[in-house]
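Let me begin by presenting the structure, written as structure tokens, before commenting on it.
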Amino acid sequence: MGKEEVDNTVEKEQSSFLQRIVEKDLEEGVYSREICTRFPPEPNGYLHIGSAYAINISYNIAKKYGGKFNLRFDDTNPLKEDKEYVDAIIEDMKWAGFDPGDRIYYGSDYFQKFYDYAVQLIEKGKAYVCDLSAEEIRQYRGTLTETGKNSPYRDRSVKENLDLFKGMKAGDFKTGEKVLRAKIDMKSPNINLRDPIIFRILHEDHYRQGDQWCIYPMYDYAHPLQDAIEGVTHSLCSIEFKDHRPLYNWTLEELELIEPPKQREFGRMNLTGVVTSKRYLRELVAEGLVDGWDDPRLPTLRGMRRRGYTPESIKHFLGEIGISKDESTVDVSMLEHSVREDLRDRAPTMMAVLNPLKVVIENYPEEENELLEVQNHPKDLTMGTREITFSREIYIEKEDFMEYPEKGFKRFAPSHEVRLRGAYFIQLTEIIKNETGEITELRCTYDRETKSGSGFTGRKPKATLHWVDAKNCENAEARLYDKLIEEEELLKDKTLSWEEKINTESLKILKNIKIEKALGEAKKEEKFQFIRQGFYTVDNKHTTEEKLIFNRIVPLKDSWKKGKK
RNA sequence: UGGGGUAUAGCCAAGUUGGUAAGGCAGCGGAUUUUGAUUCCGUCAUUCGUAGGUUCAAGUCCUGCUACCCCAGCCA
């Protein structure tokens, strides 16, 4: 495919409410340091389109205001995280065009600081060690409509708390035996403020810190500190963290951190026809219902990459949908539009026949074999030309012929003369069928005068068909993808099995498509337009020397088929 | 009367101090076309969840109501 592209993605000028917040802070000189945003994934899974949405927001703000962008692994829970995921996340971000450069950080690297800050809180009388069991803590917390009540350990002395907390760190207690809690307000209508736990005991090895620690900080306490430590100014996250903001601020205020970062929230983005929740994604993969995390039907970055979506089209899509505080469910057709738009200009147009039907041109000499020059792209002449061969036997698309054409059908039929793209007009002479009545071959004649490029204008063909020379083509496999999920609502239905929720038509494999010779050389991830069919890319996972596999990225728009339905 | 958030077309979404509803996707019509693609041209909200109110003027301000989303992990 084309030249190695620089990142020339046109970022749409989107005046979001987040930009306004940053601009106001800039005007008022709220921060003496430069703007800094961050993307803080927990390394417990693969990045998906929702992650890309979040990354794009923070990445663009930093870029737009000449600030910095940090990739920070929020790895404070040793039970869930793994190096495998950090590597994958970095790789996927780079692929998507969000390169964090050397600004890659790990929340777990700040464990000592979190500990020291906790000691400060204890000394201020703002945190205490609590011996209540998990179950008791839940009961004391109250419910959505009932306030909580104070823990009997709430009023321990500073000294006792300090000793106990040191003991927690030293490993004197078992997992779950004690926790450190922030002393805020058990009667707060905001449940997050009812003396939230900020450190818990976990005798587990951390993928990065090993067995150094047996106490681990909780998200609500660690996150604001991570941001502050790194000099983040604008900590942008999704809307469900809105209720956590008071705690975020509480932590920074109690610790008297200067020019504290501010958390601001944006609405979540969902896509139709696709599974975006990490939990469901994990289930699909675990149950083997899809071909791994990079299954082309999945909205993981790896899946989208394998499907053939380009980073440029993903970024363009992200720019198009905008940002708001409202939860959105964007129609996939928007994403598909971005891909078509990108590939339309960059992908060479080649010929491939998905469901081959042999056509014998009776008046074409048996041994003859001519070379035809065709353009690699209908509009971009700089993409050059190539030669394809034409001979007595070719393949056309089965569905391009109808013995009894329905109304409106303007492809090949007994009564229609059609043009073979880049070659000649052909006319039907005979239909050959097998015992079951299925058409197995067409016999035709061609008109030498109608050769493409000859300037022939005598007759207008009904249509132009794509084809492949039967004597000089290759076989390949095509995989056609469709929505994995038909109805969003089905996902939530617990009475249904995954098999019942998944669109059984979401993957169709065509084992024996015919591709023009040049396509046989296609490399993994290379992208093409199969004329009149759609955009395709070479599968980067299962393609081998012996077996070429093309993934359909997205079909071409088709006003004919649509009209029929 | 737990708390918080959000309501602008089928979908996404501008609309910032009140001045007469951007844009994109999808759709629909038509022109061009050696891809039923692309491109082009046209069309697509008398109305902003809803009911009132203030005003010369309201998507923007006020009041009530409704719908949907999030929160009761020692997850993030």
Side-chain angles (χ1 to χ4, degrees), chain A residues 12 14-17 20 40-42 44 74-77 79-81 107 130 132-134 137-139 141-148 175-181 188-194 196-202 216 218-220 222-223 237-246 265 267-269 272 278 317 319-338 340-341 344-345 349 351 374-375 378-379 408-411 418-423 452-453 460-461 463-466 529-534 555-563:
Chain A
K12 221 191 144 198
Q14 46 190 354
S15 80
S16 69
F17 68 99
R20 250 169 267 138
E42 178 180 24
N44 68 346
D74 202 346
D75 52 358
T76 55
N77 183 350
L79 264 15
K80 296 189 172 179
E81 298 140 8
C130 181
L132 254 24
S133 68
I137 285 183
R138 177 146 46 92
Q139 285 166 2
R141 185 157 38 223
T143 66
L144 292 177
T145 52
E146 296 160 35
T147 60
T175 291
E177 201 176 328
K178 291 184 181 349
V179 290
L180 183 69
R181 295 231 248 167
S188 172
N190 181 344
I191 293 179
N192 295 303
L193 261 22
R194 318 240 262 233
I197 292 164
I198 59 182
F199 260 102
R200 79 280 216 185
I201 299 170
L202 238 33
Y216 292 89
M218 296 287 288
Y219 166 87
D220 282 313
H223 208 86
C237 61
S238 44
I239 201 78
E240 69 266 29
F241 288 103
K242 181 94 181 180
D243 291 344
H244 295 245
R245 192 153 112 193
E265 309 81 10
R268 294 191 72 91
M269 190 270 292
T272 60
K278 250 188 194 176
F317 165 73
E320 283 291 313
I321 61 178
I323 309 163
S324 73
K325 289 183 191 173
D326 202 5
E327 177 168 13
S328 63
T329 302
V330 181
D331 198 299
V332 260
S333 66
M334 270 205 175
L335 214 206
E336 293 179 339
H337 171 261
S338 286
R340 290 196 187 98
E341 190 176 63
R344 177 190 69 205
D345 300 331
T349 56
M351 295 207 280
V374 294
Q375 288 179 21
K379 296 206 169 134
F409 184 82
K410 53 184 188 184
R411 272 110 95 144
V418 292
R419 166 188 275 126
L420 294 175
R421 181 171 237 270
S452 285
K460 286 258 184 214
T464 299
L465 305 187
H466 62 281
Q529 178 187 152
F530 285 178
I531 286 218
R532 302 208 306 135
Q533 295 286 1
L556 255 29
K557 296 216 323 184
D558 186 348
S559 55
W560 162 242
K561 279 180 189 158
K562 197 164 283 175

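Order of the sequence lines sets the chain letters (A, B, ...), proteins ahead of strands, with each chain counted from 1.
- Using a 4.0 Å heavy-atom criterion, one finds that A:L193 contacts no nucleic acid atom at all.
- You'll find that the side chain of A:I137 is closest to B:rC74, out of B:rC74, B:rG5, B:rC12.
- Not one side-chain nitrogen or oxygen of A:T76 sits closer than 4.0 Å to the OP1 or OP2 atom of B:rC75.
- Heavy atoms of other residues, nucleotides or ligands lying less than 6.0 angstrom from CZ of A:R344 number more than 12.
- Distance noted for atom C1' between B:rG59 and B:rA21: 8 Å (whole Å).
- Residue-to-nucleotide contacts include no donor-acceptor pair under 3.5 Å from the side chain of A:T464 to the base of B:rU35.
- Mapping A:N190 and A:R340 onto RNA chain B via the closest heavy atom, the residue that lands nearer the 5' end is A:N190.
- The A:D243 side chain lies nearest to B:rC70 when the options are B:rG2, B:rG36, B:rC70.
- If you check every strand for non-hydrogen atoms under 4.0 Å, A:R421 touches a base.
- Using a 4.0 Å heavy-atom distance criterion, A:G534 is classed as making no nucleic acid contact.
- Proximity of a side-chain donor or acceptor of A:R200 to a complementary backbone N or O of A:G176 within less than 3.5 Å is not detected.
- Nucleotides B:rU43 and B:rA22 have their P atoms positioned 13 Å apart, rounded to a whole Å.
- Contacts of A:H223 with the nucleic acid, taken as non-hydrogen atoms under 4.0 Å apart, are absent.
- Two residues are said to be in side-chain contact when any heavy atoms from C-beta on lie closer than 4.5 Å; A:I239 and A:E327 fail this criterion.
- Between B:rA26, B:rC12, B:rU8, one nucleotide has an atom nearer to the side chain of A:K557 than all others, and that is B:rA26.
- Counting non-hydrogen atoms under 4.0 angstrom, A:Y216 reaches nothing in the nucleic acid.
- Straight-line distance from the CD1 atom of A:I321 to the P atom of B:rA22: 23 Å, rounded to whole Å.
- Checked against B:rU35, B:rA13, B:rA76, the side chain of A:Q529 finds its nearest nucleotide in B:rU35.
- With its glycosidic angle within 90° of 0, B:rG73 adopts the syn conformation.
- When heavy atoms are screened at a 4.0 angstrom cut-off, A:F317 is found touching no nucleic acid atom at all.
- Residue contacts for A:S188: at a heavy-atom cut-off of 4.0 Å it reaches no nucleic acid atom on any strand shown.
- Using modelled atom types and a 3.5 Å distance limit, the side chains of A:D331 and A:S333 yield a donor-acceptor pair.
- Across all strands shown, A:P378 has heavy atoms under 4.0 Å from base atoms, whether or not it also approaches the sugar-phosphate.
- Between A:S324 and B:rA13 there is a side-chain polar atom (N or O) within less than 4.0 angstrom of OP1 or OP2.
- Within 4.0 Å (heavy atoms only), A:H337 reaches sugar-phosphate atoms of the nucleic acid but no base atom.
- Looking at heavy-atom distances under 4.0 Å, A:G453 makes contact with a base.
- Looking at heavy-atom distances under 4.0 Å, A:R245 makes no contact with the nucleic acid at all.
- Here the separation of B:rU20 from B:rG10, taken at their C1' atoms, is 26 Å to the nearest Å.
- Each of B:rA37, B:rG4, B:rC74 was ranked by its minimum atom distance to the side chain of A:V179; first place goes to B:rC74.
- Looking at heavy-atom distances under 4.0 Å, A:S452 makes contact with a base.
- We find that CG of A:D331 is positioned 13 Å from P of B:rA13, with the value rounded to whole Å.
- Across B:rG36, B:rG5, B:rG2, the shortest atom-to-atom separation from the side chain of A:K242 is found for B:rG5.
- Put simply, CG on A:D326 is 12 Å from P on B:rG49, counting in whole angstrom units.
- Comparing B:rA76, B:rC74, B:rA37 by their closest approach to the side chain of A:L556 singles out B:rA37.
- A:I197 has its CD1 atom 10 Å from the P atom of B:rG73, to the nearest Å.
- Nearest nucleotide to the A:R200 side chain, out of B:rC11, B:rC75, B:rA14: B:rC75.
- B:rU32 and B:rC44 have their C1' atoms separated by 23 Å, with the value rounded to a whole Å.
- In this model, no side-chain donor or acceptor of A:Q533 finds a partner on the base of B:rU35 within 3.5 Å.
- Two residues are said to be in side-chain contact when any heavy atoms from C-beta on lie closer than 4.5 Å; A:R245 and A:E265 meet this criterion.
- Judged by distance alone, with hydrogens and angles left aside, the side-chain atoms of A:D75 form a donor-acceptor pair with the main-chain N or O of A:G107 at under 3.5 Å.
- Nearest heavy atom pair, residue A:D74 against residue A:E81, reads O-OE2, 3.6 Å.
- When both pairing distances are held under 3.5 Å, B:rU66 makes a Watson-Crick or G-U pair with B:rA7.
- For the pair A:R340 and A:K557, the minimum side-chain heavy-atom distance is below 4.5 Å.
- For the C1' atoms, the distance from B:rC61 to B:rC48 is 15 Å, rounded to whole Å.
- With a cut-off of 3.5 Å on both pairing distances, the Watson-Crick or G-U wobble partner of B:rG2 is B:rC71.
- Below the 3.5 angstrom threshold, one finds a donor paired with an acceptor across the side chain of A:K379 and the base of B:rU38.
- Side-chain nitrogen and oxygen atoms of A:R419 include none within less than 4.0 Å of the OP1 or OP2 phosphate oxygen of B:rU35.
- Contact between the side-chain N/O atoms of A:R194 and the OP1/OP2 oxygens of B:rG3 is not found at any separation under 4.0 Å.
- Picking from B:rG36, B:rA7, B:rU35 the nucleotide with the shortest atom distance to the side chain of A:W560 gives B:rG36.
- In this entry the distance linking CD of A:E265 with P of B:rC71 reads 14 Å, nearest Å.
- As a whole-Å value, the separation of A:K325 NZ from B:rC68 P is 22 Å.
- Side-chain contact between A:I137 and A:R181: present, with at least one pair of heavy atoms (C-beta onward) separated by less than 4.5 Å.
- Note on A:M218: only backbone sugar-phosphate atoms sit closer than 4.0 angstrom, heavy atoms only; bases stay farther off.
- If A:R20 and A:F199 are placed on RNA chain B by their nearest nucleotide, the residue sitting closer to the 5' end is A:R20.
- Summarising the geometry, the separation between CD on A:E336 and P on B:rU38 is reported as 13 Å, rounded to the nearest angstrom.
- With a cut-off of 3.5 Å on both pairing distances, B:rU34 has no Watson-Crick or G-U wobble partner at all.
- Which of B:rU34, B:rC74, B:rG3 sits closest to the side chain of A:R141 comes down to B:rC74.
- Distance A:R344 CZ to B:rU35 P: 16 Å, rounded to the nearest Å.
- No contact: A:E146 has no heavy atom under 4.0 Å from any strand.
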